[in-house]
There are 2 protein chains.
Amino acid sequence: MYAQAASSVTVRTDIAELGVTRGLSRQATGHLMAISSLQRIAPGATLFAEGDDADSVYEVVHGMLRLYKLLSDGRRLITGFLSAGHLLGLASEGVCVFTAEAITEVTLCRYKRPAFERLIDEVPGFARRLLTITSDELRAAQDRMLLLGRKSASEKVASFILLMADRQSRSGVEVVDVPMTRNDIADYLGLTIETVSRTLSKLRQDGLIALTPARIEICDRDELEELAAGESDAGF
Amino acid sequence: MYAQAASSVTVRTDIAELGVTRGLSRQATGHLMAISSLQRIAPGATLFAEGDDADSVYEVVHGMLRLYKLLSDGRRLITGFLSAGHLLGLASEGVCVFTAEAITEVTLCRYKRPAFERLIDEVPGFARRLLTITSDELRAAQDRMLLLGRKSASEKVASFILLMADRQSRSGVEVVDVPMTRNDIADYLGLTIETVSRTLSKLRQDGLIALTPARIEICDRDELEELAAGESDAGF
DNA sequence: CGCAAACTTGATGTTGCTCAAGCTAGGTGG
DNA sequence: CCACCTAGCTTGAGCAACATCAAGTTTGCG
């Protein structure tokens, strides 16, 4: 709905404010805009699949994507949920190493790789900016490894809720939009859908959160943070 | 032993062949060498700890390091084992997000951050080179997430053996050095030491590997690869 | 209103963890 | 040189957390 409401003009303005260009000169931003094109995909649609040629770099303008990897028997791990401002496809040189699918309707800004790479070499500070972005992602990836390898189910779910909350940081907001399904959450946390559901129910019963479909309200952030940090508070 | 045998001259030569400078001009390499200093640490020693000021970037010249993150109750996840050629500390701007400890005796090439960052801006192609390195790490991190979140114990252990084998790629070599303890392996795979030990024993009984302390020999690489890829070969 | 997809809840099962011995190898001192 | 000691490793028995299987329930949509 809201995606259709965005007029073409509004969206062109958005590009100048995208994450990639933050800190770059007006001129550099111009160069980037010159090689960009807009793309819109429907909920559930695949942007690209693991194994595809990686011919573009994208930035999310609007909506939410899931990135995932599969094992041959279908086991899935969602490596990330991407929302407005996130860059994607940068790490995939040659062949895509994950699949990217739309969760909601998604608007993307697309940069063809050859032109994008030329800019990396030519625009001063651009490579540096991209380096900062990938470094941040790497740090987040290490946090995810700790979560996947060493946290219990309730610690994982608590961490997930707080991550989503912080990302939608109209600060002090304690109602979190959850556009993805329980299945997506499970595959993001390395759990099953049933365990996610049960754990959310438990958190609700314990008064840490309130649940409405597609929305989670944080009722006791302190307790939730303690749980997420793994301070093995007896009882969880 | 071997580390003491390396003369100062030998080591200076090594620096010119380090991973960071690959593909850079002789001049750029010179700039890097100008701000570098060598450092040697003993097995078990800590290079820096999670929370420390991140004042340097390092490259491993010799030996093996473990990087890890801790939860407050002591649960540990090893985010990576670093050997010669690996860069470290690049992603940590401000504060270190993990601890780095020597497994064997380790020789490092150290670059102070301010000088290093100046080079990023001044040496053409350097930021681009670092971007490639972090992108590679990011791809590896996503593989680790899939492993940690969705693979079984035997799949994890098989993946680990193959990873170590490929890294020591004198190609066709099927005897893998394993300088780290079972505990390190467990904390790398998100398992317990007992499960790692049992799983290795099982792989030995099944004829996929042979075990000598601190060394693993690959006997049936095909089977091991199938197992690592998660092609749920019944019986594992 | 009815249908399908998503979600919840319960009963049972299995993987990997915990607790507890024993074993092995390498280094040290008598 | 050998016996001892310790850190690391292996193995076993029992257990808990999470997965699996199986109904039901809710929700959103045509």
Side-chain angles (χ1 to χ4, degrees), chain A residues 1 42-44 66 71 73-77 103-105 147-158 160 178-206 209-216 227 230 232 234-236, chain B residues 1 42-44 66 71 73-77 103-104 147-160 178-206 209-216 227 230 232 234-236:
Chain A
M1 285 304 134
R66 61 176 158 251
L71 290 173
D73 63 354
R75 277 173 286 173
R76 183 178 74 152
L77 189 101
I103 292 177
T104 62
E105 181 159 28
L147 177 144
L148 289 168
R150 286 294 182 229
K151 287 190 183 176
S152 70
S154 46
E155 288 163 357
K156 285 177 175 181
V157 171
F160 170 77
V178 184
M180 65 288 282
T181 65
R182 295 284 185 271
N183 221 312
D184 287 338
I185 300 174
D187 286 349
Y188 183 78
L189 298 176
L191 298 171
T192 58
I193 177 174
E194 294 95 333
T195 299
V196 170
S197 185
R198 268 187 259 273
T199 306
L200 284 171
S201 297
K202 180 83 166 43
L203 292 178
R204 178 171 44 70
Q205 282 161 31
D206 293 343
I209 60 170
L211 286 175
T212 57
R215 207 148 269 144
I216 297 175
L227 182 56
S232 39
F236 291 101
Chain B
M1 281 303 134
R66 61 175 159 252
L71 290 174
D73 63 355
R75 277 172 286 171
R76 184 178 73 153
L77 189 102
I103 292 176
T104 64
L147 177 144
L148 290 168
R150 286 294 182 228
K151 288 190 181 176
S152 71
S154 46
E155 289 164 355
K156 285 177 176 182
V157 171
S159 302
F160 171 77
V178 183
M180 65 288 282
T181 66
R182 296 282 185 270
N183 222 311
D184 286 339
I185 299 174
D187 286 347
Y188 183 77
L189 298 175
L191 298 170
T192 60
I193 177 173
E194 293 95 332
T195 299
V196 170
S197 185
R198 268 186 261 273
T199 306
L200 284 170
S201 298
K202 180 82 167 40
L203 292 178
R204 176 172 45 71
Q205 282 160 31
D206 293 344
I209 60 171
L211 286 174
T212 57
R215 207 147 270 144
I216 298 175
L227 183 56
S232 40
F236 289 103

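Every chain is numbered from 1, with letters handed out A, B, ... down the list of sequences.
- C/dC17 atom P lies 7 Å from atom CZ of A/R150, rounded to whole Å.
- Atom CG in A/L211 sits roughly 12 Å away from atom P in D/dT27 (whole-Å rounding).
- Close to C/dT8, at under 4.0 Å from its OP1 or OP2, lies a side-chain N or O of A/R182.
- Atoms CG (B/D187) and P (C/dC17) sit 11 Å apart, rounded to a whole Å.
- At least one donor-acceptor pair closer than 3.5 Å links the side chain of B/T199 to the backbone N or O of B/T195.
- Within the nucleic acid shown, A/T181 comes within 4.0 Å of sugar-phosphate atoms alone, with no base atom in reach, counting heavy atoms only.
- Although no hydrogens or angles enter the test, the distance criterion places no donor-acceptor pair under 3.5 Å between the side chain of B/R66 and the main chain of B/Y188.
- A donor-acceptor contact closer than 3.5 angstrom links the side chains of B/K151 and B/S159.
- For B/T195 and C/dT15, the shortest distance from a side-chain N or O to OP1 or OP2 is not below 4.0 Å.
- Comparing atom distances between the A/L191 side chain and each of D/dC9, D/dC18, C/dG16 picks out D/dC18 as nearest.
- At the phosphate of D/dT10, OP1 or OP2 sits under 4.0 Å from a side-chain N or O atom of B/S197.
- Separating the CD1 atom of A/I209 from the C1' atom of C/dT8 is a distance of 13 Å, rounded to the nearest angstrom.
- Between the side chain of A/E194 and the base of D/dC21 there is at least one donor-acceptor pair of N/O atoms closer than 3.5 Å.
- Put simply, CZ on A/R215 is 14 Å from C1' on D/dT27, counting in whole angstrom units.
- Using a 4.0 Å cut-off between charged nitrogen and carboxylate oxygen, A/D73 and B/R150 do not count as a salt-bridge pair.
- For the pair A/M180 CE and C/dC7 P, the interatomic distance rounds to 11 Å; values are reported in whole Å.
- Note: CD1 (B/I193) to P (C/dC19) measures 14 Å, nearest angstrom.
- Residues B/V196 and A/R198 both approach DNA chain D. Their nearest nucleotides, taken by heavy-atom distance, put B/V196 toward the 5′ side.
- For the pair B/R75 CZ and D/dA17 P, the interatomic distance rounds to 12 Å; values are reported in whole Å.
- The residue among A/A153 and A/P213 whose nearest nucleotide of DNA chain D lies closer to the 5′ end is A/A153.
- Residues A/D187 and A/L77 have side chains not in contact (no heavy-atom distance under 4.5 Å, counting atoms from C-beta outward).
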